[in-house]
Engineer: 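Please read through the structure below; I'll follow up with questions.
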Amino acid sequence: MKLCVVLVFLALSVDINGMPPISRDFNTHCRCLQVESRIIPPDNLRSIKLLPEGPHCSDIEVIAGLASGEKVCLNPRSSWVRKLIHFVLEKQLHQRAPLPKNRT
């Protein structure tokens with residue numbers, strides 16, 4: 001009987017606390033539990049981090065760093081956030097593209 005109680009307790013503690021990550025760099029869940037749809041003025045944005053969907057999370061995650069130091073998860077389905085993602089990806093694409101050589 002005592003063994004059964006101990007096993008139930010262990011099962012519950014694993015369920016409540018979850019399994020530990022494999023390593024520090026391995027994220028097994030979405031980082032954004034809540035997302036914002038409100039428009040954030042460009043002056044308040046300091047950084048944008050795009051996390052693609054994958055085994056850890058089924059959605060694209062957009063994390064904005066604000067001037068106040070706060071980090072906010074943005075709703076990737078919001079129209080202004082989609083435009084922001086497109087702008088960031090275009091900017092990265094143009095930065096990586098080699099410059100054409102001038103023929104004279």
Engineer: With rounding to the nearest 0.5 angstrom, report the CZ to OG distance, R38 to S78.
Structural biologist: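 Going from CZ on R38 over to OG on S78, the span is 11.5 Å.
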Engineer: Looking at every non-hydrogen atom in both residues, tell me the closest pair between A67 and D43 and how far apart they are.
Structural biologist: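 Distance-wise, the nearest heavy atoms are CB-O, 4.4 Å.
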Engineer: So how far is it from R31 CZ to L51 CG, rounded to the nearest 0.5 Å?
Structural biologist: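 The CZ atom of R31 sits 5.5 Å away from the CG atom of L51.
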Engineer: Report the C-alpha separation of I63 and V72 in whole Å, then their side-chain angles, then the decisive distance to 0.1 Å, and conclude whether the side chain to side chain contact (heavy atoms under 4.5 Å, CB included) test is met.
Structural biologist: CA-CA 6 Å; I63 302 173; V72 177; over 6 Å; no
Engineer: A side-chain contact here means heavy atoms from C-beta on lying under 4.5 Å apart; do P52 and I60 qualify?
Structural biologist: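 They are not in contact (no side-chain heavy atoms under 4.5 Å apart), so the answer is no.
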Engineer: For Q34, does the CD atom sit with more than 12 other heavy atoms under 6.0 Å from it, leaving out its own atoms?
Structural biologist: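 Count not over threshold, so no.
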Engineer: Look up atom CG in L74 and atom NZ in K49, then write down how far apart they are to the nearest 0.5 Å.
Structural biologist: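 Those atoms lie 13.5 Å apart.
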Engineer: Could you tell me the separation between the CG atom of L84 and the CG atom of L89, rounded to the nearest 0.5 Å?
Structural biologist: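 Rounded to the nearest 0.5 Å, the CG-CG separation comes to 9.5 Å.
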Engineer: From I48 CD1 over to L50 CG, what is the distance, rounded to the nearest 0.5 angstrom?
Structural biologist: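 Those atoms lie 7.5 Å apart.
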Engineer: Can you confirm whether R77 is buried at CZ, in the sense that more than 12 heavy atoms of other residues, nucleotides or ligands lie under 6.0 Å from that atom?
Structural biologist: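 At most 12 heavy atoms, drawn from other residues, nucleotides or ligands, come within 6.0 Å of this atom.
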Engineer: Going only through I, L, V, M, F, W and Y residues with side-chain contacts under 4.5 Å, is there a path from L45 to I85?
Structural biologist: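 Shared cluster, yes.
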Engineer: Can you confirm whether H56 sits close enough to E61 that some side-chain heavy atom of one is under 4.5 Å from a side-chain heavy atom of the other?
Structural biologist: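 A side-chain contact under 4.5 Å exists here.
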Engineer: With no hydrogens and no angle check, is any side-chain donor or acceptor of W80 less than 3.5 Å from a backbone partner on I40?
Structural biologist: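 No, because the side chain of W80 does not come within donor-acceptor range (under 3.5 Å) of the backbone of I40.
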Engineer: So, do E53 and S58 sit near enough that their side-chain heavy atoms are less than 4.5 Å apart?
Structural biologist: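 A side-chain contact under 4.5 Å is absent here.
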